[in-house]
Amino acid sequence: MTNDIYGPFPGGPGSFPDKGWLEALTEGQRARSEELGTNLDVVERRIADACAAAGRPREDVTLIVVTKTYPAEDSALLAGLGVRDVAENRDQDAAPKAEQCRNLPLDWHFVGQLQTNKVRSVVRYANRVHSVDRLRLVGSLSAAVLKSERPELGCLVQVALDKEHGEGGHRAGVAPEDVAELADAIADTPGLRLDGVMTVAPLAGPLAGDPARAFDRLVEIATGVRATHPAATMVSAGMSGDLEQAIAAGATHVRVGTAVLGVRSPLR
């Protein structure tokens, strides 16, 4: 991981990037920026086409670039290309990366399974946690937020759609029948804000291999949550391989990694 990218990216949200940022990049950084820009253009076209096919305005869908396993340098280059939402799934990788990028206009999302011993670290940089799946985690997040005196933390209930059919008991996420209870708990807990629901297309059960049906089911669940909590409008679903199906179903946020950054290296 290199740090020389941060010279060209000195500005904050009001001044970033300055006019000379591209000229200040090294040859390798410029090549990587062009690669990322090309990939972003392709993903943007896919999102725009999916929105058009679904009869939805393009602005209804937010792209979150999943930067896990990639260096902070890539996050900075993405910021220079106009990306504002990035996601990580492991605190040990995300915390130092967010610190290196603290002066960049990036909104950090945590999307991985979150252990309670990592909560204090995650609330230092994440603006949203997409993977809230148990009451104990709700209490830990609240305590950490209140102690830090930071603004409210946005929380999404992670839904494990396979648990509806008795499969996937070991996987992260709450069963659909338990979503309402967990959503109520988040909404009633100081320091937390219920933003909506999240899922990953299931690998087991009747919905496995059918992301369109899976995302339709998630939107049904999201509609039920909004009936009680009207402000919980986020539906986080869809990744590089199935973002079109997620948008067709009604996803408001898609989490795309490989299609933007390339094939990931193995986790160490």
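No experiment lies behind these values; they were computed from the predicted model shown.
- In terms of modelled atom types and a separation under 3.5 Å, the side chain of K68 and the main chain of G112 share no donor-acceptor contact.
- You'll find the side chain of V200 reaches within 4.5 Å of the side chain of M239, heavy atoms only.
- P190 is linked by a side chain to side chain contact (heavy atoms under 4.5 Å, CB included) to S142, L146, counting only residues two or more places apart in sequence or in another chain.
- The two residues T69 and K97 have their closest heavy-atom pair at N-NZ, 4.4 Å.
- Of all non-hydrogen atoms in L63 and D85, the two that sit nearest each other are O-CB, 3.7 Å.
- Here H253 pairs with nothing under the ring-ring contact (aromatic ring centres under 6.0 Å, His included) rule; sequence neighbours left out.
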Inset, instruction - For the pair V66 and N89, evaluate side chain to side chain contact (heavy atoms under 4.5 Å, CB included) and give the outcome as yes or no after the intermediate values. - result: CA-CA 8 Å; V66 182; N89 74 331; over 6 Å; no
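- Ion pairing between a basic and an acidic side chain is recognised when a charged N comes within 4.0 Å of a carboxylate O; R30 and E27 show no such pairing.
- Residues V197 and L218 form a side-chain contact, since some pair of their non-hydrogen atoms from C-beta on lies under 4.5 Å apart.
- Side-chain contact check for T223 versus R226: some heavy-atom pair is nearer than 4.5 Å.
- Contact annotation: the side chain of L114 approaches that of L141 to within less than 4.5 Å [non-hydrogen atoms, C-beta and beyond].
- Using a cut-off of 4.0 Å between Lys/Arg side-chain N and Asp/Glu carboxylate O, E44 and R58 are scored as salt-bridged.
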Inset, instruction - Run the numbers on L194 and V225 for side chain to side chain contact (heavy atoms under 4.5 Å, CB included), then give the verdict. - result: CA-CA 10 Å; L194 177 64; V225 170; 4.1 Å; yes
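- Under the 4.5 Å side-chain criterion, counting only non-hydrogen atoms from C-beta, R213 is not in contact with L161.
- Comment: E73 does not engage R32 in a salt bridge, judged by the lack of any side-chain N to carboxylate O separation of less than 4.0 angstrom.
- A continuous path of Ile, Leu, Val, Met, Phe, Trp and Tyr side chains, each step under 4.5 Å between heavy atoms, connects W108 with V254, placing both in one hydrophobic cluster.
- Closest non-hydrogen pair, V61 versus C51, comes out as CG2-SG, 3.6 Å.
- The list of side chain to side chain donor-acceptor pair (under 3.5 Å) pairs with a residue in residues 237-252, not counting sequence neighbours, reads R46-E244.
- More than 12 heavy atoms of other residues, nucleotides or ligands lie within 6.0 Å of CD in Q92, so this atom counts as buried by the packing criterion.
- A distance of 6.5 Å separates CG of L25 from CG of L77, quoted to the nearest 0.5 Å.
- The CG atom of D162 lies 8.0 Å from the OG1 atom of T199; values are rounded to the nearest 0.5 Å.
- Using a distance-only test at 3.5 Å, with no hydrogens or angles considered, no donor-acceptor pair links the side chain of R255 to the main chain of A87.
- Judged by distance alone, the side chain of R128 and the main-chain N or O of F110 form no donor-acceptor pair under 3.5 Å.
- Taking hydrophobic clusters as Ile, Leu, Val, Met, Phe, Trp and Tyr residues chained together by side-chain heavy-atom distances below 4.5 Å, V219 shares a cluster with V157.
- Side-chain N or O atoms of T67 include none that pairs as donor or acceptor with a backbone N or O of Y70 at under 3.5 Å.
- Applying the side chain to side chain contact (heavy atoms under 4.5 Å, CB included) test to A95 and every residue at least two apart in sequence or in another chain returns D91, S121, Y125.
- The hydrophobic cluster containing V159 does not contain M234, counting ILVMFWY residues as joined when their side-chain heavy atoms lie under 4.5 angstrom apart, directly or transitively.
- Placement of V174 and L137 within a single hydrophobic cluster is found when ILVMFWY residues are connected by side-chain heavy-atom separations under 4.5 Å, directly or transitively.
- The minimum heavy-atom distance between A248 and A54, with the atom names listed, is CA-CB, 4.1 Å.
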Legend entry - side chain to side chain contact (heavy atoms under 4.5 Å, CB included) between N127 and R150, intermediate numbers included: CA-CA 10 Å; N127 292 317; R150 56 156 287 162; 4.2 Å; yes
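- Exactly one of L261, L243, N39, I64 qualifies for a side-chain contact (heavy atoms from CB on, under 4.5 Å) with V256. That residue is L243.
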Legend entry - Worked check of side chain to side chain contact (heavy atoms under 4.5 Å, CB included) between E88 and V86: CA-CA 7 Å; E88 292 283 326; V86 294; over 6 Å; no
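- Among all heavy-atom pairs drawn from V132 and C155, the shortest one is CG2-CB, 3.9 Å.
- Formation of a donor-acceptor pair under 3.5 Å by the S33 side chain with backbone atoms of Q29 is not found in this model.
- Between atom SG of residue C101 and atom CG of residue L106 there is a gap of 6.0 Å, rounded to the nearest 0.5 Å.
- Remark: E181 engages L135 in a side chain to side chain contact (heavy atoms under 4.5 Å, CB included) (not counting sequence neighbours).
- One distance of note links CG of L207 with CD of E164; it measures 7.5 Å at 0.5 Å rounding.
- Side-chain contact, H229 with D184: a donor N or O sits under 3.5 Å from an acceptor N or O.
- Atom CZ of residue R102 and atom CZ of residue R124 lie 14.0 Å apart, to the nearest 0.5 angstrom.
- With sequence neighbours excluded, the residues that form a side chain to side chain contact (heavy atoms under 4.5 Å, CB included) with R120 are A144, K147.
- Following chains of ILVMFWY side-chain contacts shorter than 4.5 Å, one can reach V138 starting from I221, so the two form part of one hydrophobic cluster.
- How far CG of L156 is from OG of S131: 9.0 Å, rounded to the nearest 0.5 Å.
- When all heavy atoms are compared, the tightest approach of P176 to A160 is CD-O, 3.5 Å.
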